[in-house]
Protein chains: 2
Amino acid sequence: MKYNKDTSEKILNAASSVFEEKGYSGARMQEIADKASINKALLHYYYKSKDKLFELILKRAIQIVFPKINDILKADIDFFERIERFTTAYIDMVRKNPHIPGFVIHEINSNPKRLIKLIALTGFNLNQFKETIKAEVEKGTIIDISPDQLIMNIISLCILPFIARPIAVNVLLNGDEDYFEKLMEERKTEVSKFIINAIKK
Amino acid sequence: MKYNKDTSEKILNAASSVFEEKGYSGARMQEIADKASINKALLHYYYKSKDKLFELILKRAIQIVFPKINDILKADIDFFERIERFTTAYIDMVRKNPHIPGFVIHEINSNPKRLIKLIALTGFNLNQFKETIKAEVEKGTIIDISPDQLIMNIISLCILPFIARPIAVNVLLNGDEDYFEKLMEERKTEVSKFIINAIKK
DNA sequence: GTCTATAAGGTGATAGAC
DNA sequence: GTCTATCACCTTATAGAC
């Protein structure tokens with residue numbers, strides 16, 4: 001068994017784009033092969049089956065989304081600044097990988113157990129951030145809010161517009177894609193301002 | 001051509017649950033037939049093709065989600081109360097139909113043009129609410145915020161936790177489904193408090 | 001209206017030549 | 001390593017009996 005690294009990477013990139021766009025069941029091995037400029041047989045030679053290939057892509061996607069978040073949330077800096085940095089970095093990351101959140105969320109429903117395993121592998125953990133929030137509440141620097149609710153709020157504000165992009169663009173913004181991009185750039189600061197307004201005492 | 005109304009409804013219900021759970025490409029006509037306790041041939045007798053059946057289900061889903069929103073946003077009541085009523089009603093609606101938002105968002109990516117058409121048919125329109133926000137900003141009752149950003153924030157806070165439920169439950173809440181339900185019940189008031197805190201002057 | 005049986009075409013996967 | 005050809009299976013859809 002010998003592999004060409006260039007070919008195997010072309011395949012991974014092609015598979016990412018197809019799986020992220022169409023989902024597992026909508027994806028076709030033929031389309032992945034076409035996009036990688038090879039044929040189906042070679043695809044199976046490199047990555048045994050559609051399942052194996054998909055699991056690899058999902059793993060990669062999770063590795064992109066989760067570890068970065070983790071680092072920022074654990075950073076030893078002022079709470080409000082941490083929120084600012086988090087929203088900025090997160091929105092930046094999602095803008096660079098706009099299909100990943102929707103892909104992960106959709107596919108995860110079909111196999112939640114696999115999800116838990118894959119996310120656990122990234123070392124992702126929100127407990128420390130929850131504790132920080134609790135401490136800030138007790139210090140009286142922020143209003144009395146459940147850490148779980150606050151975390152859900154932060155994540156929601158960062159990713160939903162990207163997941164629902166076609167709806168946002170067409171229903172809210174009269175089809176103006178450029179304006180959507182501008183709004184998302186603004187969101188990098190708008191979201192943290194919004195959150196801090198909501199919780200600061 | 002004669003149809004039995006009971007049978008046609010059984011089919012629609014079965015199709016809703018299968019399409020919403022598996023998506024278009026993951027859904028199988030056989031599974032829909034099984035769930036409706038009929039056979040595939042009869043399925044095609046009632047609803048010509050998988051495509052036609054799917055379009056009907058998507059249309060129904062959109063009819064559930066959008067018109068209700070519209071009514072509340074246009075109601076002639078105090079701005080802050082309107083936000084309260086909206087979040088409560090919206091979260092209630094999503095709790096009753098938890099699979100619809102994810103379903104709509106996912107399927108919409110494969111055919112945004114169909115989306116525009118279907119949503120337009122519901123008479124859904126955010127322009128009036130945008131104007132209201134602008135007016136509130138000018139009156140000075142709320143901070144200077146872009147109506148588009150505020151609307152995205154409101155919607156994001158209401159629906160993302162439901163779309164990402166498995167992630168929320170397993171990563172944030174240690175797998176506690178009951179606690180998730182409790183949090184969602186709380187959110188009916190928490191979300192509007194959060195929003196109003198963020199924007200009230 | 002509802003069924004069984006089957007057609008027609010697509011999809012993932014493999015065998016085997018180069 | 002990469003290809004062509006092909007298999008075995010699955011899925012949508014229809015024909016035709018009752």
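The shown structure was predicted, so the numbers you read here are calculated from the model rather than taken from an experiment. Labels below follow one simple rule: chain letters A, B, ... track the order of the sequence lines, proteins then strands, and each chain is numbered from 1.
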B:Ala41 side chain, from C-beta outward: closest of C:dT4, C:dA13, D:dT2: C:dT4

Proximity to DNA chain C (any heavy atom under 4.0 Å), residues of residues 5-38 of chain A only: A:Ala27, A:Arg28, A:Met29

Distance-minimising heavy-atom pair for B:Thr88 and B:Lys188: OG1-O, 3.4 Å

Shortest non-hydrogen contact from A:Leu43 toward A:Ala33: CD2-N, 4.0 Å

Between D:dT14 (C1') and B:Leu43 (CG): distance, integer Å: 13 Å

Length of the CG-C1' vector between A:Leu42 and C:dC18, whole Å: 14 Å

Between D:dA13 (C1') and B:Asp51 (CG): distance, integer Å: 12 Å

Taking every non-hydrogen atom, the tightest pair across A:Tyr24 and A:Lys50: O-NZ, 3.0 Å

More than 12 heavy atoms from other groups under 6.0 Å of NZ on A:Lys68: no

Nearest-nucleotide pick for B:Tyr46, side chain only, options being D:dT2, C:dT4, C:dT2: C:dT2

Nearest-angstrom distance from the residue atom NZ of A:Lys40 to C1' of D:dT4: 12 Å

Atom pair distance, as rounded to whole Å: CG in A:Leu53 and C1' in C:dA13: 14 Å

Which atom of A:Pro161 lies closest to which atom of A:Phe180, heavy atoms considered: O-CZ, 3.6 Å

Spacing between A:Phe54 atom CZ and C:dT11 atom P, to the nearest angstrom: 18 Å

A:Phe19 ring center within less than 6.0 Å of A:Phe103 ring center: no

Side-chain N,O (B:Asn39) to OP1/OP2 (C:dC3) below 4.0 Å: yes

Nearest heavy atoms of B:Ala198 and B:Ile143, plus distance in Å: O-CD1, 3.5 Å

Distance test, side-chain N/O of A:Tyr45 to OP1/OP2 of D:dC3, below 4.0 Å: no

Phosphate OP1/OP2 of D:dT14: any B:His44 side-chain N/O under 4.0 Å: no

Length of the line joining B:Lys50:NZ and D:dT14:P, which is rounded to integer Å: 15 Å

